[in-house]
Amino acid sequence: QVQLVESGGGLVQAGGSLRLSCAASGRTFSRYTMGWFRQTPGKEREFVAAIIWSGGRTSYADSVKGRFTISRDNAKNTLYLQMNSLTAEDTAVYYCAARTGVALPTAVTGYNYWGQGTQVTVSS
């Protein structure tokens, strides 16, 4: 099992940047494919980005391509999401998620473990 704790959310102006972190417990972090999702009130949780265990393959939602970068540091058991050129549409609670295997699923059901989320608010 793995436990996930997100941090780094906050309030930022449109056009600004934030970096989210997700700290994972356990010694097997490097075995997990990791993902970021986001959710706004009244809407379904949506895929943002994912990265395989080695960091050698990534996937992004079209809405964040070219603006967001997912990365990981297996030595620190930490997942990151660098978010640039933020807009009001990026306002959401951001969740990190984990799964075993090398697939990069975009569906919520593709992940076994979830953090509690961190709020990102972009003011326009």
Side-chain angles (χ1 to χ4, degrees):
Q1 280 194 337
V2 62
Q3 292 183 327
L4 307 171
V5 179
E6 302 93 337
S7 62
L11 176 64
V12 63
Q13 288 189 334
S17 299
L18 278 177
R19 188 176 80 156
L20 305 183
S21 299
C22 173
S25 66
R27 295 178 293 177
T28 59
F29 174 74
S30 61
R31 297 181 184 178
Y32 290 92
T33 286
M34 303 295 297
W36 286 101
F37 287 73
R38 65 188 183 186
Q39 188 171 24
T40 55
K43 292 189 176 181
E44 293 186 352
R45 194 168 296 188
E46 66 173 5
F47 172 75
V48 175
I51 187 168
I52 65 170
W53 66 273
S54 67
R57 190 158 56 97
T58 59
S59 176
Y60 294 92
D62 288 342
S63 59
V64 306
K65 278 181 183 176
R67 300 188 299 122
F68 290 12
T69 302
I70 189 171
S71 62
R72 64 191 296 162
D73 185 336
N74 288 342
K76 295 183 178 179
N77 281 11
T78 303
L79 173 73
Y80 302 101
L81 184 68
Q82 178 66 44
M83 305 186 295
N84 299 328
S85 302
L86 286 162
T87 72
E89 288 67 39
D90 296 314
T91 295
V93 176
Y94 283 72
Y95 298 89
C96 70
R99 58 158 284 143
T100 55
V102 297
L104 291 172
T106 60
V108 169
T109 54
Y111 294 81
N112 307 105
Y113 306 102
W114 293 85
Q116 294 300 306
T118 185
Q119 176 71 47
V120 171
T121 303
V122 184
S123 62
S124 57

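- Scanning all heavy atoms of the two residues, the minimum distance from N74 to R72 falls at OD1-NE, 2.8 Å.
- With sequence neighbours excluded, no residue forms a side-chain hydrogen bond (donor to acceptor under 3.5 Å, both in side chains) with K43.
- No more than 12 heavy atoms of other residues, nucleotides or ligands sit less than 6.0 Å from atom CD of Q116.
- Within the 4.5 Å cutoff, no side-chain heavy atoms of V2 are placed close to those of R31.
- In this structure, the side chains of L4 and M34 come closer than 4.5 Å at one or more pairs of heavy atoms.
- A92 and R38 get closest at one heavy-atom pair: CB-CB, 3.8 Å.
- The hydrophobic clustering, which links ILVMFWY residues whose side-chain heavy atoms are closer than 4.5 Å, places L79 and W114 apart.
- Side-chain heavy atoms closer than 4.5 Å link hydrophobic residues (I, L, V, M, F, W, Y) into clusters, and following such links, possibly through other members, connects F29 to I70.
- Side-chain contact between N112 and Y32 is absent, with no heavy-atom pair separated by less than 4.5 Å.
- Separating the OG atom in S124 from the CG atom in L86 is a distance of 12.5 Å, to the nearest 0.5 Å.
- Sorted by first and then second residue, the ring-ring contact (aromatic ring centres under 6.0 Å, His included) pairs involving residues 42-69 (not counting sequence neighbours) are F37-F47.
- When atom types are taken as modelled, the side chain of R67 and the backbone of S85 share a donor-acceptor pair closer than 3.5 angstrom.
- No continuous path of hydrophobic side-chain contacts links V48 to Y95 [ILVMFWY only; heavy atoms under 4.5 Å].
- A heavy-atom distance below 4.5 Å is found between the side chains of Q119 and T91.
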**OP:** Assess whether side-chain contact (heavy atoms from CB on, under 4.5 Å) is satisfied between T33 and L104, documenting all intermediate values.
**Re:** CA-CA 7 Å; T33 286; L104 291 172; 3.8 Å; yes

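- Side-chain atoms of Y94 and E6, non-hydrogen and from C-beta on, never get closer than 4.5 Å to each other.
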Enumerate donor-acceptor pairs with a distance under 3.5 Å from any side-chain N or O in residues 10-22 to protein atoms, sequence neighbours excluded.
{"unit_1": "S17", "atom_1": "OG", "unit_2": "N84", "atom_2": "OD1", "d": "2.9"}

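- R99 and Y111 form no side-chain donor-acceptor contact under 3.5 Å, judged by distance and modelled atom types alone.
- To the nearest 0.5 Å, the span separating CG on L81 from OG on S71 amounts to 8.5 Å.
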**OP:** Go through V108 and Q39 one step at a time and tell me if the side-chain contact (heavy atoms from CB on, under 4.5 Å) criterion holds.
**Re:** CA-CA 11 Å; V108 169; Q39 188 171 24; over 6 Å; no

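- At a threshold of 4.5 Å between non-hydrogen side-chain atoms, the residues M83 and V122 do not count as touching.
- Two residues are said to be in side-chain contact when any heavy atoms from C-beta on lie closer than 4.5 Å; V120 and D90 fail this criterion.
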